[in-house]
Amino acid sequence: MTPATRQEVLGLYRRVLRIARTWQSASGHTEDTMREKEYIRNEARTLFQKNRNVTDPKLIKQCIEECEARIEIGLHYNIPYPRPIHLPPMGLAHKQGRTLRHQEKLRKISKPIYLKSHDEVS
């Protein structure tokens, strides 16, 4: 990892922790706010530690983009949790030959960037 990339990653981590410190839940209830703050800190800690040993520049860039997307979506919608995607069960398969492997491949391709690591951690 280059020093510039390292600084960018550390800056993102600090930004996430700052957001967690100042987070207010949409409901305004103290217990919801505390639960969401804890979720943000735990999610950041888990994902950053999981990706600590990543050395491939393309994969690092993808992780950075995912982090930035999740930050922006969380701040915009005021929810810390990843927004679910809604796809019909066989909505992506071709009319002919609806095989399970093809369906799974299409689902993986269509998954938004902000959900790439969510299934691995959850």
Side-chain angles (χ1 to χ4, degrees):
M1 182 183 310
T2 65
T5 306
R6 179 176 168 76
Q7 289 302 315
E8 184 177 4
V9 170
L10 291 174
L12 279 172
Y13 189 68
R14 284 191 298 271
R15 182 175 177 203
V16 170
L17 293 180
R18 260 186 258 117
I19 290 170
R21 194 174 336 120
T22 61
W23 185 263
Q24 289 294 318
S25 70
S27 68
H29 297 320
T30 307
E31 56 272 357
D32 290 342
T33 299
M34 296 308 292
R35 191 176 323 116
E36 290 177 3
K37 283 182 175 185
E38 188 64 28
Y39 172 80
I40 293 169
R41 282 191 297 269
N42 288 339
E43 185 80 359
R45 188 177 304 120
T46 302
L47 289 175
F48 277 86
Q49 286 178 354
K50 181 183 94 110
N51 295 321
R52 170 183 267 170
N53 297 322
V54 174
T55 56
D56 180 28
K58 289 182 182 179
L59 192 55
I60 292 172
K61 183 173 172 28
Q62 181 183 355
C63 291
I64 290 171
E65 289 173 355
E66 178 184 356
C67 182
E68 290 171 343
R70 287 184 70 173
I71 288 171
E72 294 304 318
I73 289 171
L75 291 175
H76 178 76
Y77 292 104
N78 200 27
I79 55 169
Y81 311 107
R83 291 179 53 81
I85 55 172
H86 301 287
L87 297 173
M90 296 302 282
L92 295 175
H94 294 291
K95 299 281 185 205
Q96 301 168 343
R98 293 184 173 184
T99 63
L100 183 60
R101 274 186 286 179
H102 183 66
Q103 180 70 22
E104 289 173 351
K105 180 180 175 186
L106 288 173
R107 277 193 182 281
K108 187 173 184 176
I109 291 170
S110 69
K111 185 180 263 190
I113 191 167
Y114 60 87
L115 286 177
K116 295 288 184 190
S117 64
H118 185 261
D119 291 339
E120 298 168 5
V121 175
S122 300

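Side chains are part of it too, since the values below use all heavy atoms of this structure and drop only hydrogens, waters and symmetry mates. Here the structure is a predicted model, which means the values were calculated and not measured.
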Inset, instruction - State whether R35 and E31 are salt-bridged, where the test is any N-O pair (Lys NZ or Arg NE/NH1/NH2 against Asp/Glu carboxylate O) under 4.0 Å. - result: no
Legend entry - side-chain contact (heavy atoms from CB on, under 4.5 Å) assessment of I73 paired with Y81: CA-CA 9 Å; I73 289 171; Y81 311 107; over 6 Å; no
Legend entry - Joint cluster assignment, L17 & M34, ILVMFWY side-chain distance < 4.5 Å: no
Inset, instruction - Output the distance between atom CZ (R18) and atom CZ (R21), rounded to the nearest 0.5 Å. - result: 7.0 Å
Legend entry - Straight-line distance of I19 CD1 to I40 CD1, nearest 0.5 Å: 7.5 Å
Legend entry - Heavy-atom side-chain proximity of V9 to R6 below 4.5 angstrom: no
Inset, instruction - Ignoring hydrogens and angles, tell me if any N or O in the side chain of T33 forms a donor-acceptor pair with the backbone of Q24 under 3.5 Å. - result: no
Legend entry - salt_bridge(R41, E38) N-O dist < 4.0 Å: yes
Legend entry - V54 with V16, same ILVMFWY side-chain cluster at under 4.5 Å: yes
Inset, instruction - Find the distance between NZ (K61) and CG (D56) and round it off to the nearest 0.5 Å. - result: 12.5 Å
Legend entry - Distance (rounded to the nearest 0.5 Å) between L10 CG and E8 CD: 10.5 Å
Inset, instruction - Quick one: closest heavy-atom pair of N78 and S25, and the distance? - result: ND2-C, 4.0 Å
Legend entry - Reported CG-to-CH2 distance for the pair L75 and W23, which is rounded to 0.5 angstrom: 6.0 Å
Inset, instruction - For side-chain contact (heavy atoms from CB on, under 4.5 Å), just list the numbers for L59 and Q62, CA-CA rounded to whole Å, side-chain angles, deciding distance to a tenth of an Å, and then say yes or no. - result: CA-CA 5 Å; L59 192 55; Q62 181 183 355; 3.7 Å; yes
Legend entry - Identified side chain to side chain contact (heavy atoms under 4.5 Å, CB included) counterpart of C63 within the set N51, L12, L47: N51
Legend entry - E68 and E72, any side-chain heavy atoms less than 4.5 Å apart: no
Legend entry - Minimum heavy-atom distance Y39-P80, with the two atoms named: CE2-O, 3.5 Å
